[in-house]
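No hydrogens, no waters, no symmetry mates; every other heavy atom, side chains included, goes into these values. Labels below follow one simple rule: chain letters A, B, ... track the order of the sequence lines, proteins then strands, and each chain is numbered from 1.
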2 protein chains.
Amino acid sequence: MSEERMQKALATLKSSGVRITPQRHAVLEYLMHSMNHPTADEIYKALEGKFPNMSVATVYNNLRVFLDIGLVRELTYGDSSSRFDCNTTEHYHVICNSCGKIVDFHYPALDEVEQLAEQVTGFNVSHHRMEVYGTCTDCQENKSH
Amino acid sequence: MSEERMQKALATLKSSGVRITPQRHAVLEYLMHSMNHPTADEIYKALEGKFPNMSVATVYNNLRVFLDIGLVRELTYGDSSSRFDCNTTEHYHVICNSCGKIVDFHYPALDEVEQLAEQVTGFNVSHHRMEVYGTCTDCQENKSH
DNA sequence: TATTACTTAATAATCTTTATAAATAGTGTA
DNA sequence: TACACTATTTATAAAGATTATTAAGTAATA
């Protein structure tokens with residue numbers, strides 16, 4: 001399952017002429033296995049045990065590499081630090097207003113929006129993003145107490 | 001036209017018990033008249049002439065006040081600094097990948113997306129946002145040279 | 001092996017935003 | 001008007017995220 005994605009990603013890296021160092025492998029692996037769209041700092045802290053000497057810059061460097069190749073996407077919300085999403089299949093995000101939890105949400109791509117945007121603005125449209133905001137089930141319960 | 005919106009905004013401020021200082025007025029006015037969703041720093045620099053002694057903190061303070069009352073919206077994209085939009089009518093944004101230009105884009109609200117998100121995730125949905133990315137007409141021309 | 005390019009680590013620097021504290025100015029009231 | 005009270009501004013420091021720099025290390029290649 002996720003092993004397959006990992007192999008595919010490694011192949012993409014290799015074909016792009018990017019070396020697969022232990023740190024790089026670890027960052028990618030963590031991204032692949034984490035379902036919660038971590039920040040750079042979260043990745044850094046999570047790998048501290050395995051790589052006590054690793055620099056924060058290394059995390060940022062590698063995230064940049066993955067971004068450039070298209071292996072991950074950067075998500076910027078209001079909360080000061082970027083989050084990284086290695087799920088490159090088309091999907092949207094639902095975000096909790098109170099706890100910040102991010103949940104993936106699949107929905108048929110809104111092609112007609114892109115087309116209309118092209119017509120109206122003259123832009124050469126490449127993609128779009130959408131986030132739905134609300135209160136997650138946990139926070140709904142907490143509020144009712 | 002935009003005078004009317006300004007009067008309305010001032011009335012909203014007054015009724016919220018917020019004092020209308022010269023700096024505050026200037027920030028609001030700049031936001032109202034600018035069509036390009038400025039950053040806090042852009043506002044600061046734009047008003048430097050009129051208010052040589054104004055602090056950056058004042059800009060941030062006032063933006064916060066406007067946000068709390070609902071006069072403006074904060075837009076967070078990848079480019080490190082927040083942008084502020086005083087157009088509170090429902091609309092989406094089209095953003096240029098190369099120059100960062102932001103253009104307003106009207107489209108019927110995607111209510112069915114919100115509804116489906118509620119069903120699938122159990123969230124109590126409040127709102128959503130969407131951005132379309134692409135290359136603006138100016139940058140398309142520049143590239144072809 | 002020698003050379004080259006890539007990568008890491010450590011650190012400094014930058015940039016955006018927030019916090020703090022003192023000074024200032026507006027508002028209401030006696 | 002004078003006083004007290006509170007909101008606001010200013011100046012500055014601080015925090016936090018990200019990028020830049022540079023030296024050292026590591027892999028690839030001829």
task = Please check if the distance between the ring centroids of H128(B) and Y92(B) is under 6.0 Å.
result = yes
key: K14(B) NZ to dT8(D) C1', straight-line distance once rounded to whole Å   = 17 Å
inquiry  = In the structure I gave you, are the side-chain heavy atoms of V132(B) and I95(B) within less than 4.5 Å of one another anywhere?
reply    = no
query = Closer than 4.0 Å, any side-chain N/O of S82(A) to the OP1 or OP2 of dA17(D)?
reply = no
request  = Can you sort out which residues in residues 45-60 of chain A have a heavy atom within less than 4.0 Å of DNA chain D? Ascending by number, please.
outcome  = A57(A), Y60(A)
request  = For N62(B), answer base if it contacts any base atom (sugar-phosphate contacts may also be present), sugar-phosphate if it contacts only those atoms, and nothing otherwise; contact means non-hydrogen atoms under 4.0 Å.
outcome  = sugar-phosphate
task = Determine: side-chain N/O of Q23(A) to OP1/OP2 of dA9(C), distance under 4.0 Å, yes or no.
result = yes
request  = Salt-bridge test for E3(A) and R5(A): reply yes if a basic N is under 4.0 Å from a carboxylate O, no otherwise.
outcome  = no
request  = Check whether any side-chain nitrogen or oxygen of R24(B) sits under 4.0 Å from OP1 or OP2 of dT9(D), and answer yes or no.
outcome  = yes
query = Any side-chain heavy atom of E131(B) sitting closer than 4.5 Å to one from M130(A)?
reply = no
request  = Taking only Lys NZ, Arg NE, NH1 and NH2, and the carboxylate oxygens of Asp or Glu, determine whether D41(B) and K45(B) approach each other closer than 4.0 Å.
outcome  = yes
key: Phosphate-side-chain proximity, R64(B) and dT18(C), N/O vs OP1/OP2 below 4.0 Å   = yes
note = One should read off an interatomic distance between L31(A) CG and L71(A) CG, to the nearest 0.5 angstrom, of 9.5 Å
ask   = If you check the N61(B) side chain, which of dT10(D), dT8(C), dT7(C) turns out closest?
value = dT10(D)
query = Can you say whether the rings of H91(B) and H106(B) are parallel (under 30°), tilted (30 to 60°) or perpendicular (over 60°)?
reply = tilted
message = Any heavy-atom pair between the side chains of F123(A) and E118(A) that's under 4.5 Å?
response = no
task = Please determine, by modelled atom types, if S82(A) and E74(A) share a side-chain donor-acceptor pair under 3.5 angstrom.
result = yes
query = So, is T21(A) near the phosphate of dT8(C), with a side-chain N or O under 4.0 Å from OP1 or OP2?
reply = yes
query = Could you give the CD-to-C1' distance, from E42(B) to dC15(C), as a whole number of Å?
reply = 14 Å
task = Using atom NE2 of H25(A) as one end and atom P of dT7(C) as the other, report the distance to the nearest whole Å.
result = 15 Å
Could you list the protein-to-nucleotides 25-30 of chain D atom pairs, N/O on both sides, closer than 3.5 Å?
unit_1  : atom_1 : unit_2 : atom_2 : d
dA27(D) : N3     : R19(A) : NH2    : 3.4

